[in-house]
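To start, the structure itself, in structure tokens.
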Amino acid sequence: MADALPNPQRLTELRAKIDAVDESMHALLMQRAGVIDELIRIKGADQAKGAAFRPGREAQMMRVLAERHSGSVPLSMIVHVWREIISTFTWLQAPYRVHLVGGAEPATMRDMARFQFGFTVAMEEHEDAAGAMDAAMAERNALVIVPLEGAGAWWDGLDSSGGLSVMARLPAADVPFPTVDSFVLSPPLSDPVPFDLRLYTGLLKSVDSLDRWTGGEVIGHGSEGQRCLIAIPAGGSAPHDLLDIRAAGGYFAPAQAMDSSA
């Protein structure tokens, strides 16, 4: 028996529903922009203090998305749309630039950066971490994306008391393309952030100082006399043999889709 032909009337009805949903989405985005405009007016002079980065609020939004998401659309697509919205509306509050360190895989880094910050935000590529970090510090409201490996011991330059520090680790969600373990560096944030993992740098007393440490994760190794980068979760503790420990920001665990089979 031949397959039944589609019902033209039903197809027309479904396409009309799609058009109506699209119109509603556009109207809601314009409505959101109006709220941001009012927010900018209320904040007024506070805008001069730098970009409106809120990594804690962004992480919470991503977790809510992941928890309520269902259906056939991949969570990565939903996250990307929301990341574009968040980044653009943050840019509307206080324009900023992203300085990207390409490292050994510049194309992959570029894909990750655009997934995280969209296409409204200006992006400038750098050959080395020092150049990107210097450029960001000169602008005061810029971000840096740097790969963990292949860019030197960039964490030596972190200083949460007044310089750049980590505000995110990428990828921040499961994505359908190759990734590189990377970090987003920001200027000082105006609000305290309850990171899932807090980062610190410190000087190694000896090359085996961290061999038996179980209070967190060693992110970036340093040789004797050099700084290393460590992550400490809630309830963790710093290694006893680490000297001159300095806060270096932190990051949140990536958003993940709920297991629908549970």
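Just so it is clear, the values below take in all heavy atoms, side chains as well, and ignore hydrogens, waters and symmetry mates. None of the values given here were measured: they were computed from a predicted structure.
Counting heavy atoms from C-beta outward, L210 and C228 have side chains that approach closer than 4.5 Å. The shortest side-chain heavy-atom distance between M167 and L185 does not fall under the 4.5 Å cut-off. Taking 4.5 Å as the limit, some side-chain heavy atom of V180 sits within range of a side-chain heavy atom of M112. The side-chain heavy atoms of L242 and L204, taken from C-beta on, include a pair separated by under 4.5 Å.
V73 and I85 fall within a single hydrophobic cluster, where Ile, Leu, Val, Met, Phe, Trp and Tyr are joined by side-chain heavy atoms under 4.5 Å apart, directly or via other members.
A cation-pi arrangement is present between R32 and F89 under the rule of less than 6.0 angstrom and at most 45 degrees off the ring axis. Seen from the ring of F117, R83 counts as a face-on cation partner, given the 6.0 Å and 45° thresholds.
With S87 contributing its side chain and Q116 its backbone, the two residues share a donor-acceptor pair below 3.5 Å. Between the side chain of H80 and the main chain of F115, a donor-acceptor pair closer than 3.5 Å is present. For E84 (side chain) and F119 (main-chain N/O), a donor-acceptor pair under 3.5 Å exists by modelled atom type. In this structure a side-chain-to-backbone donor-acceptor pair under 3.5 Å is missing from W154 to M133. Looking only at distances, no side-chain donor or acceptor of D181 sits under 3.5 Å from a matching main-chain atom of L148.
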Taking it one step at a time, do L39 and Q93 satisfy side chain to side chain contact (heavy atoms under 4.5 Å, CB included)?
CA-CA 8 Å; L39 178 65; Q93 294 181 61; 3.5 Å; yes
Before you tell me yes or no, could you show the steps for Y251 and F195 under ring-ring contact (aromatic ring centres under 6.0 Å, His included), namely the whole-Å CA-CA distance, both residues' side-chain angles and the distance that decides it to 0.1 Å?
CA-CA 5 Å; Y251 60 91; F195 291 116; 8.0 Å; no
Could you walk me through whether I219 and I230 pass the side chain to side chain contact (heavy atoms under 4.5 Å, CB included) test, one step at a time?
CA-CA 5 Å; I219 303 293; I230 62 173; 5.8 Å; no
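Environment of CD in E13: crowded, with over 12 heavy atoms of neighbouring residues, nucleotides or ligands closer than 6.0 Å. When the shell of 6.0 Å around CD of E149 is examined, it contains 12 or fewer heavy atoms from other residues, nucleotides or ligands. A 6.0 Å sphere centred on CH2 of W82 holds no more than 12 heavy atoms belonging to other residues, nucleotides or ligands.
Taking a cutoff of 4.0 Å between a charged side-chain nitrogen and a carboxylate oxygen, K17 and D19 do not qualify as a salt bridge.
Residues T201 and R227 bring a donor and an acceptor atom of their side chains to less than 3.5 Å of each other. E139 and H99 are linked by a side-chain donor-acceptor pair at a separation below 3.5 angstrom, with hydrogens and angles left out of the test. Under the 3.5 Å distance criterion, with hydrogens and angles disregarded, a donor-acceptor pair is assigned to the side chains of T120 and T88.
The two residues I232 and G215 make their nearest non-hydrogen contact at CG2-O, 3.8 Å. When all heavy atoms are compared, the tightest approach of P187 to A142 is CD-O, 3.2 Å. Across all non-hydrogen atoms, the minimal contact from S182 to P147 is OG-CA, 3.7 Å.
The aromatic rings of F53 and Y96 stand perpendicular to each other, their planes meeting at an angle above 60°, with 30° marking the opposite boundary.
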